[in-house]
Each structure stands twice: as structure tokens, then as C-alpha cells.
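Taking it in order: structure first as C-alpha cells, then the write-up.
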Amino acid sequence: MLAIGGDHAATRYKECIKKHLDERKIEYTDFGTNDMDSCDYPDYALKVAEAVASGKCEKGILICGTGIGMSIAANKVKGIRCAHCTDTFSAKACRQHNDANVLALGERVTGMGVALEIVDTFLDTQFSGDDRHIRRIDKTTAIEEKYFK
Ligand code: RB5
């Protein structure tokens, strides 16, 4: 199960991504928002990040105007490795190297065609499992352990 969420700047984009997921028969839970009334991106980042961190959802997709606010907020949740991507190279690398579990996209930055390729790359790429990447993720998690109470 995938978790998806966005703010008011991402509603149309989120609908396009959901249609794409439907076509691929990928199940998802939509955590909103579902209209274009102004709202606060951390509220939706938290819902998606908690769904992923708790294990209810395997991965998440967060969308805002730039993708930046969503990624900053989601990465405040313990266990979240949220990657803000604007290209498929990064989408592939964030899975292979960083084992990213949430993808952040920006509707005002990335065209829909590229965004769908980023989504597919993110969902279809496995973590490499290489020792050096595990070591680096473990070191990152240690930072989280040190500073997250
Ligand atoms: C909303 O105007 C915008 O600030 C938000 O969608 C996002 O881009 C924040 O990072």
C-alpha cells in the first residue's frame, strides 16, 4: 500500500498521479488535501510520514508547490527518508543508495510527464543492499537517534 498526500498547490497533480497508479493497479491511500483551498503542507506530510513510519504503508508520495516543504516536514518523522526529486536519475539513486521511503514532488517545478516517470522509477527501483549504503544509512539513523527524542 502506498500513501499519497499533497497541499492545495498539488491537488491537480495528485489526481493525475492517482490515475496513473490506478492504471498500474497500485493500491494507495489518499491522505488529502482534496481541494485547492489554502492549507498547510506539514499537516499532510505528517499524515503520510506517519503512515509509512508505522508500517501501514510501504512507501509514500508527497506533493506541494516545490516538493521542498513536504520533504523537510516528512524528514522530521523518525524512520522517514524522504527524497525530493526533480529527475529520474535522483529517483533511481534515492532508492538504490538511500533506500528512500517517501518521494517528494513539486507541481510548480516538474512537468507531469517527468513526474510520472519519477514516480515509476521510485516505485520500481529496489534498494541495492550494498554494505557501503547500509553503513551510510545506519550512520544517518544514528543522527536521528541522537537528536530525535
Ligand atoms: C504553497 O504556496 C507552497 O508554499 C507549498 O506548496 C510548498 O511549495 C512549500 O514548500
Side-chain angles (χ1 to χ4, degrees), residues 1-24 26-127 133 136-137 139-149:
M1 179 66 71
L2 187 67
I4 187 165
D7 71 0
H8 57 283
T11 302
R12 279 177 300 200
Y13 211 79
K14 179 156 67 62
E15 289 309 306
C16 291
I17 292 173
K18 282 164 57 182
K19 184 167 172 279
H20 183 70
L21 296 173
D22 290 339
E23 286 165 3
R24 289 198 53 184
I26 294 171
E27 287 191 286
Y28 56 83
T29 301
D30 182 355
F31 288 88
T33 188
N34 291 311
D35 57 38
M36 293 171 75
D37 295 344
S38 183
C39 65
D40 298 333
Y41 61 81
D43 297 339
Y44 299 93
L46 181 62
K47 289 174 199 274
V48 167
E50 284 183 337
V52 174
S54 69
K56 284 185 192 148
C57 291
E58 189 194 337
K59 290 195 185 87
I61 297 176
L62 282 166
I63 317 149
C64 61
T66 59
I68 294 170
M70 285 295 192
S71 61
I72 292 171
N75 279 317
K76 301 295 181 193
V77 175
K78 196 171 180 178
I80 294 302
R81 293 179 298 279
C82 179
H84 172 220
C85 295
T86 56
D87 62 277
T88 53
F89 181 87
S90 300
K92 189 172 178 184
C94 81
R95 289 290 307 127
Q96 289 180 329
H97 293 205
N98 313 113
D99 198 16
N101 49 15
V102 177
L103 169 68
L105 295 166
E107 173 167 342
R108 295 172 180 165
V109 179
T110 306
M112 198 62 236
V114 175
L116 294 181
E117 288 190 4
I118 291 172
V119 166
D120 285 342
T121 303
F122 177 77
L123 295 179
D124 297 341
T125 305
Q126 300 303 311
F127 176 51
H133 294 310
R136 291 163 189 164
I137 292 169
K139 285 187 176 184
T140 305
T141 303
I143 296 171
E144 195 177 67
E145 296 292 338
K146 182 174 179 183
Y147 288 100
F148 283 34
K149 299 293 172 213

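If you're wondering where the values come from, they're calculated on a predicted model, not measured in any experiment. Atoms considered below: every heavy atom in the structure, side chains included; atoms not considered: hydrogens, waters and symmetry mates. Remember, it's 1-based here, ligands and their atoms both numbered in the order they're listed.
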Evaluate whether atom CZ of Phe148 has more than 12 neighbouring non-hydrogen atoms of other residues, nucleotides or ligands under 6.0 angstrom away.
yes

Is any side-chain N of the basic residue among Glu15 and Lys18 closer than 4.0 Å to the acidic one's carboxylate O?
yes

Sequence neighbours excluded, the answer for side-chain hydrogen bond (donor to acceptor under 3.5 Å, both in side chains) partners of Glu117 is none

Contact list for residues 41-55, test salt bridge (Lys or Arg N to Asp or Glu O under 4.0 Å), sequence neighbours left out:
none

Amino acids in close contact with ligand 1, where any non-hydrogen atom sits under 4.0 angstrom away:
Asp7, His8, Ala9, Tyr41, Cys64, Gly65, Thr66, Gly69, Arg108

For Lys78, check side-chain hydrogen bond (donor to acceptor under 3.5 Å, both in side chains) against everything at least two apart and list the hits.
Glu145

Under 6.0 Å from the CD atom of Glu23, do we count more than 12 heavy atoms belonging to anything else shown?
yes

